[in-house]
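One structure below.
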Number of protein chains: 2
Amino acid sequence: MAKKQSIVPAPKRSPRRSVLSDEIYEMIKAMIFEHEIAPGSRVNIDALAVELEVSQTPVREALARLESDGLIAKEPLKGYTATNLLSMEEFNDLFQFRLLIEPWAAEQAARKIDSTGKTALKGEMQSAKAALKFKVDDQFQALTEHDARFHTLIAHISGSNSVASAFERTHCHLHLFRLYMANKLHLIESESRTQFVQELFEQYYHSGSGQLAIKEHDEIAKAILDQNPKTARSTMHAHIESSLKRFAPSAKEVNK
Amino acid sequence: MAKKQSIVPAPKRSPRRSVLSDEIYEMIKAMIFEHEIAPGSRVNIDALAVELEVSQTPVREALARLESDGLIAKEPLKGYTATNLLSMEEFNDLFQFRLLIEPWAAEQAARKIDSTGKTALKGEMQSAKAALKFKVDDQFQALTEHDARFHTLIAHISGSNSVASAFERTHCHLHLFRLYMANKLHLIESESRTQFVQELFEQYYHSGSGQLAIKEHDEIAKAILDQNPKTARSTMHAHIESSLKRFAPSAKEVNK
DNA sequence: GATTAAGTTTTCCTATAGGATTTCAGAGAC
DNA sequence: GTCTCTGAAATCCTATAGGAAAACTTAATC
């Protein structure tokens, strides 16, 4: 009968494997990552549900988790808003935190690494070389993704779940990439922030910082693979300070 | 008209100020805190919604956030489960992390504290004295709550949002209290864990550890109020090591 | 006794209606 | 022209019922 045909609205989503709300969570995170949801903009639940072709329920669950992650903010009875780009203070604060935990993680990783970890670390350094071959347009994204995996991997090899999850929850690479994209898309209005991100961009983009960062990663990886804790700590410390300088040379003075 | 009266089904919930899903989040967290939801047990969304007399929607949002907090785990297509009590490894890992960030936070707090912070810190130390007056049954809870506020306050005074939120997200005091309650309610079966918690309990309960902890807090508070960064760092370090020993004297050897 | 098959339960998701609150616009008063 | 107040629209939040898919349980057959 003709009736049956009209009942079926969307036949494409039959073989689903994972849980819908998890997929939606990743999709919304990707939308924030890629500035499809602009920093500071309102996030309308209804609109998002319609756009992603799901009902409100999984969207709400995803937004609740994203709020817990600090990627969006919730104002009661007003709605969700994507968090703003990092201010210079927040940027410095974030790197201060990384300086606190990551050199420690590198040191522990050098102590505790096993053969599985060594294989993973070597593999990640291979993929870094590949990232350098990309064109400039894609290179920043590829390098950011490698950087995220590299630092996350070391946090895990350190053996400390507390440190690893604390690091992951900073979402530092997502924040860095958002700053980069904001500059590229000329989306930034606020005066002081403009200058900050402009510098970030110029510094990174025109000075072969990609190669530099990978060279530093190589040193760190070598120290960890050699099981040399002290060197692992100091090279990681230097690397984070170096990228802080790379991204924001003027930011150094803020924290004594 | 009589019609109007029959329309009203539940007149009690008219003047609500905050958002329901936030309230539910806190209520479920409290249920975990107080072992109303036992460690490792299943968490049924429907049952919870009926029990708390709300619909599923706010329960779902609350559970999504609690999962992000690491307080409950979600198995796709199976449901939510309350996380187990901390194992000895996780316990050590947690305190290792605290040793990493809290001495730093105390040092920074000593540098950056202002008059508002000083007032808050003095006030918190006053409330600690009051907690000691409680009977043994309530004293542990009162002291745990003071301890949570004290450490959280210092993290905030340090001026680092990254450190403060990383500390808060450990939910360390919730975990400690769950261990305490599990022992008190004789809910623990697993052999090695039994012994671990038994020691924890004995040590804490029969040795005036409450007074001891507060004495240590006093030293830390004094150093911060005197703006003595080095002392603040060292006393905080000593305090965390001391409470690690207090809670689990046998755990010390695990981490070199 | 082991394996397959059907039925039941559980869980996840959808859909929709309606109440509550904020925001914005326009009319009227000063 | 500016301010205040009222009303309407938009948005968020809640409630409830029901359908689909997976997991678990039970029963029957070989």
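In what follows, chains carry the letters A, B, and so on, assigned in the order in which the sequence lines appear, proteins first and then strands, with residues in each chain numbered from 1. Worth saying up front: this structure is predicted, and the values here are computed from it rather than measured.
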Handout entry: Short side-chain to backbone donor-acceptor contact, A/Asp93 and A/Glu89, under 3.5 Å
Key = no

Fill in the blank from the handout: Between NZ of A/Lys74 and P of D/dC12 the distance, given in whole Å, is 12 Å

Completion exercise
note: A/Glu53, atom CD; C/dA15, atom C1'; distance rounded to Å ~ 16 Å

Completion exercise
Applied to residues 141-162 of chain A, the salt bridge (charged side-chain N to carboxylate O under 4.0 Å, His left out) test, sequence neighbours excluded, yields A/Glu124-A/Arg149

Practice task
Using modelled atom types only, decide if a donor and an acceptor are shared between the side chain of A/Arg169 and the backbone of A/Ser68 within a distance under 3.5 Å.
Solution key: no

Practice task
Kindly say whether B/Ala148 contributes a backbone atom to a donor-acceptor pair with the side chain of B/Thr152 at under 3.5 angstrom?
Solution key: yes

Practice task
Please work out which residues in residues 57-69 of chain A have a non-hydrogen atom less than 4.0 Å from an atom of DNA chain C and list them by number.
Solution key: A/Thr57, A/Pro58

Fill in the blank from the handout: Given the options A/Ile28, A/Leu48, A/Val59, A/Val43 meets side-chain contact (heavy atoms from CB on, under 4.5 Å) only with A/Leu48

Exercise for the section: Report the distance from atom CG of B/Asp22 to atom C1' of D/dC12, rounded to the nearest whole Å. Expected result: 13 Å

Practice task
Take the protein atom CD of B/Glu23 and the nucleotide atom P of D/dC13, then report the distance between them rounded to whole Å.
Solution key: 13 Å

Problem - Spacing of A/Gln56 atom CD relative to C/dT14 atom P, expressed in whole Å - result: 11 Å

Handout entry: A/Asp69/A/Lys29 salt bridge by N-O under 4.0 Å criterion
Key = no

Practice task
Nearest whole angstrom, please: distance from the P of D/dC13 to the OH of B/Tyr25.
Solution key: 17 Å

Exercise for the section: Mind calculating the distance between CG (B/Leu48) and P (C/dT11) to the nearest angstrom? Expected result: 12 Å

Exercise for the section: Please state whether the phosphate of C/dT14, meaning OP1 or OP2, lies under 4.0 angstrom from any side-chain nitrogen or oxygen of A/Ser55. Expected result: yes

Report each atom pair, protein N/O against N/O of nucleotides 9-11 of chain D, whose distance is under 3.5 angstrom.
none

Practice task
Measure the acute angle between the ring planes of A/His151 and A/Phe167, then classify it against the limits of 30° and 60° as parallel, tilted or perpendicular.
Solution key: tilted

Practice task
Say whether, by atom type as modelled, one donor and one acceptor occur between the side chain of B/Thr81 and the main chain of B/Gly40 under 3.5 angstrom.
Solution key: no

Handout entry: pair A/Leu94-A/Glu90: side-chain heavy atoms closer than 4.5 Å
Key = no

